[in-house]
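Heads up, the thing below is written out as structure tokens.
Heavy atoms only: backbone and side chains are in, while hydrogens, waters and symmetry mates are out. Worth saying up front: this structure is predicted, and the values here are computed from it rather than measured.
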Amino acid sequence: MKASAVSLLALFETKMQFEVPLFQRQYIWKREKHWEPLWEDIARKFSDYLNGRKDAPVHFLGAMVLDQKQTPATHVGKRQVIDGQQRLTTFQIFLSAFRDFCNEHGCTEMAKECSAFTLNKGLMADVEIDRFKVWPTQLDRPQFADVVSAGSSTAILEKYPLQKRLYARKFDARPRMVEAYFFFYEQFTEFFIESDEGPVQLHDVPLAQRVDECFQALKSVLQVVEIDLDHDDDAQVIFETLNARGEPLIPADLLRNFIFLRAARRGEPQEMLYKRFWARFDEPFWRIEVKQGRLLRPRSDLFLQHFLASRLAVDIPIKHLFVEYKFWIDRAKPFESVELELACLARQGDDFRRMMEPEKEDPLHGLMTFLDAFDVRTSYPLVLTFLDMGAGQTQWNEISRILESYLLRRAVCGLSTKNYNRVFLALTRSMRSEGASPENLSRLLKAQRGDSVEWPSDERFIEAWRSQHAYKVLSNPKIVHILKRLSDTYLSSKIEAFSLDAALSVEHILPQQWTNNWPLDGDARGLSDLELRDAPHDDAVAKATRIRNQVLHTLGNLTILTSSLNAAVSNNEWSQKKPELMRHSLLPINQMLYDVEVWNETAIQSRSEALLTRALKIWPS
């Protein structure tokens, strides 16, 4: 057999059909597991080209094992796909969606260019079959032919409209290849035309110019390993070998090998370098797996990912970590020796460990606790940059205040987190070029405009605080953090210091099931959801019930308790619940309820305003 690295598009340049044998399985790729990761890889290369980073390393999409198939000279040349049919098929669907997107947005020349890679031209023995560059298994052929040859998203939608059965919540699933087509078409629309994450890249550059740049990326940087079998190669044995499941090396293992091999070639003392700088990365701490996106990753991978992102200020997917790191070292030559390289990795590795396990007296403790509760790990390259550039305790206090205010206000207002990766990489880039100071951080965050990135004003924050259904925008850990921080503001020098190590949970003071034990003003019983639906719109009890339900989930009605106390007081009426709170909860935020005789809508609004006054001081605009 012969193996060579080739551009994926190059496979489709000639008059050729890749035939999937009938014994192979049907098309099985899905959105979350396959299409989304593929699009993330391609979109990243699109962004590289649009931003002028054309010397970035190529991205390999895997191996294609192909077997030559004997065909008469007058026919289209054919090759059987032994391995890689899912990738080949998906990329044809991708190109079809790209072609139709270009055609429907006025980029007709690019649409014609794409057509040459999706359909064969010229003389053919059987046009209905031979015109397709890929020919899947029998059951997949009708949907594949429709997707590749329909010519527009409208035509495909007419043939495969969204349908919903009576009383069903979701639309019926369409054939998988059709769903793949519309997935990629939607991604092109978001990438080139409009995005929830803010303005699209180079939006002021003509669309035709941008799609041409991205097509050049497809040609140049998306590659596969093409393995052509000879007539005496056993295709089945090769297929089984390629798909064997061994224990893969993680990026940290690959990088260690890469680094110490260079040390040996340069004559630098490997044994000394290992003991002094790398041995710490072989401790159990670094092998602990944490959730990253859809997968679990060891901490060593996450550190190296964030470290490299903090140096390059670009997004570094973990699966590309080794290639990107090697490319950076080979091209940029950022260190004069392997010893300096390892010293930097060791220093920032210690910084990352400090971030993961901050001591209570550490100035990072508050910020890292907050980032963990609010799940904003995209900020880690920025934090590593501040640590690398020597931020002191006073600066950390201000950095923590700025970042927490920016992120918490956005969370309370229910604003999107999708753009955070781009925001923090831009901040990282600016900190390295303009200086890592709280003043620069604050200035850059204040300058951002638009829902996807702005720092919410007092007016917007106040409105959300007073009216927002907290559980629709905040998770339990986020609410606990907010209320704990507010509780701490009631502490004074006259209050005895105490440490609370027990886990806290959120409690509705007016319980969610309030109708039985918490009468409305005038002792009327509140209405259930079913009774509300049938009640006249102007019914007084119905109106009072709706008003109470509106404030039920606002921050003014929420507090924090230990889990055991929470269960004990949950649905009791106020006359029973309040004494339990006073007797067992030492948290100042609960002791402040001592003078409240009646807990109703007025009391909730009053407490909401009191907490808001403190919130505006902790998290300023």
Side-chain angles (χ1 to χ4, degrees), residues 373 405 408-409 411-414 456 458-492 494-495 500 504-515 517-521 526 544-562 565-566 568-621:
S405 177
L408 185 139
R409 279 182 171 239
V412 170
C413 293
D458 280 348
E459 292 75 17
R460 187 164 190 174
F461 182 64
I462 290 169
E463 174 61 26
W465 186 279
R466 289 171 174 167
S467 61
Q468 187 70 271
H469 186 311
Y471 277 99
K472 286 186 177 179
V473 295
L474 300 169
S475 63
N476 198 72
K478 294 176 184 178
I479 297 172
V480 168
H481 179 88
I482 291 171
L483 296 176
K484 179 67 168 61
R485 291 276 275 124
L486 289 168
S487 183
D488 289 344
T489 65
Y490 289 100
L491 293 170
S492 71
K494 296 180 180 180
I495 297 177
L500 180 63
L504 296 170
S505 61
V506 180
E507 166 73 0
H508 289 71
I509 302 175
L510 171 69
Q512 297 182 71
Q513 307 299 325
W514 60 267
T515 53
N517 295 329
W518 296 68
L520 297 163
D521 290 344
T545 300
R546 291 190 182 98
I547 291 172
R548 178 164 286 187
N549 285 338
Q550 286 174 357
V551 300
L552 177 64
H553 298 290
T554 59
L555 288 163
N557 187 49
L558 302 180
T559 193
I560 42 177
L561 302 170
T562 60
L565 180 56
N566 189 326
V569 302
S570 188
N571 290 322
N572 293 353
E573 60 189 47
W574 182 237
S575 62
Q576 297 173 354
K577 191 170 193 174
K578 176 184 168 183
E580 290 297 309
L581 285 173
M582 297 304 104
R583 185 177 299 117
H584 297 291
S585 178
L586 297 176
L587 290 169
I589 197 171
N590 294 327
Q591 290 298 312
M592 293 301 113
L593 299 170
Y594 179 80
D595 293 326
V596 181
E597 297 299 330
V598 178
W599 193 257
N600 55 17
E601 295 80 354
T602 303
I604 292 171
Q605 291 165 356
S606 176
R607 181 171 179 268
S608 177
E609 293 302 309
L611 295 178
L612 174 60
T613 300
R614 294 171 181 271
L616 290 169
K617 293 178 181 177
I618 305 173
W619 305 294
S621 62

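Taken from CD1 in Ile547 to CD in Glu601, the straight-line distance is 7.0 Å, to the nearest 0.5 Å. The CD1 atom of Ile589 sits 11.5 Å away from the CG atom of Leu581 when rounded to the nearest 0.5 Å. The line from CG of Asn517 to CH2 of Trp574 is 14.0 Å long, rounded to the nearest 0.5 Å. In this structure, NE2 in His481 is found 13.5 Å from CG in Asn476, a value given to the nearest 0.5 Å. Rounding to the nearest 0.5 Å gives a distance of 11.5 Å between CD1 of Ile604 and CG of Leu555. With rounding to the nearest 0.5 angstrom, the CG atom of Leu558 is 9.0 Å from the NE2 atom of His553.
Trp465 contributes a side-chain N or O that, together with a main-chain N or O of Ser608, makes up a donor-acceptor pair within less than 3.5 Å. In this structure, the side chain of Gln591 does not engage the main chain of Leu586 through any donor-acceptor pair within 3.5 Å. Without hydrogens or angle criteria, Lys478 side chain to Ala373 main chain gives no donor-acceptor distance under 3.5 Å. With hydrogens and angles ignored, the 3.5 Å screen pairs a side-chain donor or acceptor of Asn557 with a backbone N or O of Leu552. No donor-acceptor distance shorter than 3.5 angstrom exists from the side chain of Thr545 to the backbone of Gly526, with no hydrogens or angles considered.
With contacts defined as side-chain heavy-atom distances shorter than 4.5 Å, the pair Val480/Val506 qualifies. Between Tyr471 and His508 the shortest side-chain heavy-atom distance falls below 4.5 Å. Put simply, the side chain of Leu612 reaches to within 4.5 Å of the side chain of Arg466, judged on heavy atoms. A 4.5 Å side-chain heavy-atom check between Arg607 and Ile509 finds at least one atom pair inside the cut-off. Using a 4.5 Å heavy-atom cutoff, the side chains of Arg485 and Trp619 are in contact.
Between Pro456 and Cys413, the shortest heavy-atom contact is CB-SG, 3.9 Å. Val596 approaches Ala603 most closely through the heavy-atom pair CG1-CB, 4.3 Å. Minimum heavy-atom separation, Gly414 to Val473: CA-CG1, 3.5 Å.
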How far apart are the C-alpha atoms of Glu463 and Gln468, what are their side-chain angles, what is the distance that settles it, and do they pass the side-chain contact (heavy atoms from CB on, under 4.5 Å) test?
-> CA-CA 8 Å; Glu463 174 61 26; Gln468 187 70 271; over 6 Å; no
| Do Leu593 and Lys578 pass the side-chain contact (heavy atoms from CB on, under 4.5 Å) test, and can you show the C-alpha distance, the side-chain angles, and the key distance before you say yes or no? | CA-CA 8 Å; Leu593 299 170; Lys578 176 184 168 183; 5.8 Å; no
List the steps and the verdict of side-chain contact (heavy atoms from CB on, under 4.5 Å) for Arg548 and Asn600. CA-CA 8 Å; Arg548 178 164 286 187; Asn600 55 17; 4.0 Å; yes
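Trp514 and Asn549 are linked by a side-chain donor-acceptor pair at a separation below 3.5 angstrom, with hydrogens and angles left out of the test.
Taking the side chain to side chain contact (heavy atoms under 4.5 Å, CB included) definition, one finds that Asp458 meets it with Arg409, Ile462, Leu616, Ser621, sequence neighbours left out.
Of the residues listed (Ile479, Leu504, Leu486, Ile482), the one engaging Ile560 in a side-chain contact (heavy atoms from CB on, under 4.5 Å) is Leu504, and it is the only one.
Checked for salt-bridge contact, Glu580 and Lys577 miss the test: no charged N lies under 4.0 Å from a carboxylate O.
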